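Some notes on the structure that comes next.
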Amino acid sequence: MVNELYPYIVEFEEEAESPGLETHRKRKRSGNNDSIERGAAQEADSHTGLEPGSDPGQCSVPSKKEKDASTKKESLGHWSQGLKISMQDPKMQVYKDEQVVVIKDKYPKARHHWLVLPWASISSLKAVTREHLELLKHMHTVGEKMITDFAGSSKLRFRLGYHAIPSMSHVHLHVISQDFDSPCLKNKKHWNSFNTEYFIESQAVIEMVQTTGRVSVRDGMPELLKLPLRCHECQQLLPSIPQLKEHLRRHWPK
DNA sequence: GTTCTAGAAC
DNA sequence: GTTCTAGAAC
């Protein structure tokens, strides 16, 4: 029953693209136009678009217990595995070295929002041990380099950290500017995941691993996501997301 | 993680 | 009546 994950073999020179991952996306939204097409930009949006239920090829799914090809393909196509695919795509890679790769978050929650991922397959913080200490430090250093290289002249403040309970598989360090000026930031969960203890500072993770050899995540994390909306700069409570977003403007750097 | 939308909140 | 949130997605 052990799920065998494929090794992340990466060719540094020229990565062969895998065609056929793309699916039709004929769906149209009728209602609001949420011009989401900013950060992810050009072709960034083109893959990983595996919408459940929109698989035109197979309408009939008779048996539910097939452990072979179909199941494996499905697990890789599942949305929670999206980072594993994106990080391999040269078009998505903003930076890479022997240990890590950086991509832009597909749905950035601020003007700058990168993800730093190790090539090594580490499913989550739960799997982190002292053996990963230097790797974690390197991820942090690379995150800081992203800031100086791509936002050095901006006055934006940044935070580096991990979600206590990430939705996406594969350990990833968030590097995010603190303007939270993005159309992709839409709900309370988005806000609280970056502005409560749900967001664990990279430095804290490093120190935890250094001293205890692992990362302990406190209880009650899911509840944090439901807390009232509070401004991270002045602590003011805001009654709704639209009002929070309007409020945030006053803290933007000039 | 996102989309979609019913119905709560205003 | 419109805005906004929150839960399902087979």
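In this text the structure is predicted, and so the values were computed from the model without any measurement. Quick note on labels: first sequence line is chain A, next is B, and so on, each numbered from 1.
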Query - Closest to the A/Ile241 side chain, choosing from B/dG1, C/dA6, C/dT5 - result: C/dT5
Query raised in the report: Taking the side chain of A/Lys109 as heavy atoms from C-beta outward, which of C/dG7, C/dC4, B/dT2 is closest to it?
Result: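 When the side chain of A/Lys109 is considered, B/dT2 is the closest of C/dG7, C/dC4, B/dT2.
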Please confirm whether the backbone N or O of [Y] pairs with a side-chain atom of [X], one donor and one acceptor, at under 3.5 Å?
X        : Y        : result
A/Trp119 : A/Lys96  : no
A/His132 : A/Val128 : no
A/Ser182 : A/Arg111 : no

Query raised in the report: With sequence neighbours left out, which residue pairs that include part of residues 206-235 of chain A fulfil the side-chain hydrogen bond (donor to acceptor under 3.5 Å, both in side chains) condition?
Result: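 Sorted pair list: A/Arg157-A/Glu233.
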Could you tell me whether [X] contacts a base, only the sugar-phosphate backbone, or nothing, with contacts defined as non-hydrogen atoms closer than 4.0 Å?
X        : answer
A/Ser240 : sugar-phosphate
A/Pro242 : sugar-phosphate
A/His190 : sugar-phosphate

Starting at atom [atom1] of [X], determine the distance to atom [atom2] of [N], rounded to an integer number of angstrom.
X        : N     : atom1 : atom2 : value
A/Leu225 : B/dG1 : CG    : C1'   : 13 Å
A/His163 : B/dT2 : NE2   : P     : 10 Å
A/Glu246 : C/dC4 : CD    : P     : 12 Å
A/Leu238 : C/dT3 : CG    : P     : 19 Å
A/Lys188 : C/dG7 : NZ    : P     : 11 Å
A/Gln243 : C/dT5 : CD    : C1'   : 13 Å
A/Leu83  : B/dT2 : CG    : P     : 11 Å
A/Asn187 : C/dT3 : CG    : P     : 19 Å

Taking side chain as C-beta onward, heavy atoms only, is [X] less than 4.5 Å from [Y]?
X        : Y        : answer
A/Phe180 : A/His251 : no
A/His190 : A/Tyr107 : no
A/Leu173 : A/Trp114 : no

Query raised in the report: According to the Watson-Crick and G-U wobble definition with distances under 3.5 Å, which dot-bracket string, read 5' to 3', encodes DNA chain B, using [ ] for crossing pairs and | for pairs with another strand?
Result: .|||||||||
Report task. Verify the contact: side-chain N or O of A/Lys189 to OP1 or OP2 of B/dG1, cut-off strictly under 4.0 Å; return yes or no. Result ->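 Affirmative; the distance criterion is met.
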Query raised in the report: For B/dT3, does either OP1 or OP2 sit under 4.0 Å from a side-chain N or O belonging to A/Lys186?
Result: yes
